[in-house]
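Down below is the structure, laid out as structure tokens.
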Amino acid sequence: MPIYTSSSESDNEPSRPSRTTPRPRPPRLLGSQKPIHDILGGGKVADVLLWKNITVSASLLIGMTVIWFLFEVVEYNFVTLLCHISITSMLALFIWSKGAEFFNWKPPQIPEVILRESTFREVASTLRVRFNKILSKLLDVACGKDPGLFILVIAILYIFSVIGTYFSFLNLLYLGFICILTVPFLYDRYDEHVDYIADREFRRMKKMFRRFNSQFLNKIPRGPVKEN
């Protein structure tokens, strides 16, 4: 039996293209035509998040996983773990340096600068730009410029608040770190599929909001508006 859809549904939801016709490019989820590498700053941080520098990305992922395992599974105390790491490192350097005197080993080379200042500045600059954009977007949403997006953000924040009651801060921090290292990489590889699904769901949300607005919000009595 054929299924017919109304004209309103066909206007609000993107039609799935046939196999013979090319799929039209849906609007990008991030609202920009730039590649995600440029959106993330286009520097070393973007390379790490998109796994273009596999060594650094994998090292960060393994390091955070080890830290999460030690604190959540083994239940290490932070001060105890820090002291044990320091003791182990100092013993290893002591044995290495003393063994170099007796067995003609190459002594350990301690670099003068372990972490460069430019790396911290680049990371801080990228985080500052991202934070300012996110904060300005949230302020625009809070002012009611996009009611559909306002309801969506409220729903997402409520879901996060419920999730936060079942997870500790370290678990949430580790989960957020995993998302930072995986979501941009997956979006960079499957951006067209993600944009298509996001555009379809966003149209459905707008349709539901228009229906809710017409059935409930518009029926709320409003007082007289004073003109300046």
Side-chain angles (χ1 to χ4, degrees), residues 3 5-17 23-41 45-46 49-50 61 64 68 72 126-223 225:
I3 300 175
T5 59
S6 62
S7 60
S8 60
E9 292 180 354
S10 62
D11 294 337
N12 294 327
E13 297 183 2
S15 59
R16 185 180 296 275
R23 174 183 292 183
R25 185 69 168 87
R28 294 182 65 87
L29 180 63
L30 301 178
S32 175
Q33 298 301 324
K34 296 181 180 179
I36 190 172
H37 187 269
D38 295 339
I39 295 176
L40 294 175
V45 177
L49 295 179
L50 297 178
L61 180 60
M64 287 297 296
W68 172 82
E72 285 295 324
T126 303
L127 292 177
R128 180 184 62 84
V129 173
R130 297 297 104 193
F131 179 78
N132 288 336
K133 287 186 178 181
I134 294 174
L135 185 59
S136 61
K137 186 65 177 179
L138 288 177
L139 291 176
D140 291 338
V141 172
C143 292
K145 295 183 179 180
D146 193 341
L149 187 59
F150 174 79
I151 295 179
L152 180 62
V153 171
I154 293 296
I156 292 175
L157 291 177
Y158 177 75
I159 292 173
F160 283 160
S161 67
V162 174
I163 294 175
T165 58
Y166 297 98
F167 292 92
S168 64
F169 176 74
L170 184 59
N171 284 331
L172 286 177
L173 186 64
Y174 179 68
L175 181 62
F177 183 81
I178 294 297
C179 292
I180 290 174
L181 279 183
T182 55
V183 172
F185 172 72
L186 294 176
Y187 180 75
D188 185 48
R189 295 194 61 180
Y190 307 103
D191 56 346
E192 292 188 4
H193 302 281
V194 175
D195 290 338
Y196 175 79
I197 296 174
D199 181 60
R200 182 184 62 187
E201 297 301 324
F202 185 70
R203 288 173 182 267
R204 289 181 180 178
M205 291 291 296
K206 292 181 67 175
K207 181 181 177 182
M208 293 174 58
F209 174 76
R210 285 197 297 267
R211 186 179 301 173
F212 178 77
N213 188 26
S214 61
Q215 294 180 358
F216 297 99
L217 296 182
N218 288 337
K219 295 181 180 180
I220 297 177
R222 294 178 174 82
V225 180

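Residue indices begin at 1 and follow the sequence shown.
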Checking Leu138 now: which residues fulfil side-chain contact (heavy atoms from CB on, under 4.5 Å) with it, not counting sequence neighbours?
Ile134, Val153
Compile the donor-acceptor pairs under 3.5 Å between side chains in residues 168-179 and protein atoms, sequence neighbours left out, one pair per line.
residue	atom	partner	partner atom	Å
Ser168	OG	Glu72	OE2	3.1
Ser168	OG	Asn171	N	3.4
Ser168	OG	Asn171	ND2	3.2
Asn171	OD1	Trp68	NE1	2.6
Tyr174	OH	Thr65	OG1	3.0

How many angstroms lie between CD1 in Ile151 and CD1 in Ile156, if you round to the nearest 0.5 Å?
12.5 Å
Quick one: CD on Glu201 to OH on Tyr196, what's the gap to the nearest 0.5 Å?
10.0 Å
Could you list the residues that satisfy side-chain contact (heavy atoms from CB on, under 4.5 Å) with Ile159, not counting sequence neighbours?
Ile163
Between Pro184 and Leu50, which heavy-atom pair has the shortest distance, and what is it?
O-CD2, 3.4 Å
Mind checking the CZ-CZ spacing from Phe185 to Arg189? Nearest 0.5 Å is all I need.
5.0 Å
Taking side-chain contact (heavy atoms from CB on, under 4.5 Å) as the definition, give me every residue that meets it alongside Tyr166, ordered by chain and number, with sequence neighbours left out.
Val162
For residues 127-137, pull every pair meeting side chain to side chain donor-acceptor pair (under 3.5 Å), keeping only residues two or more places apart or in separate chains.
none
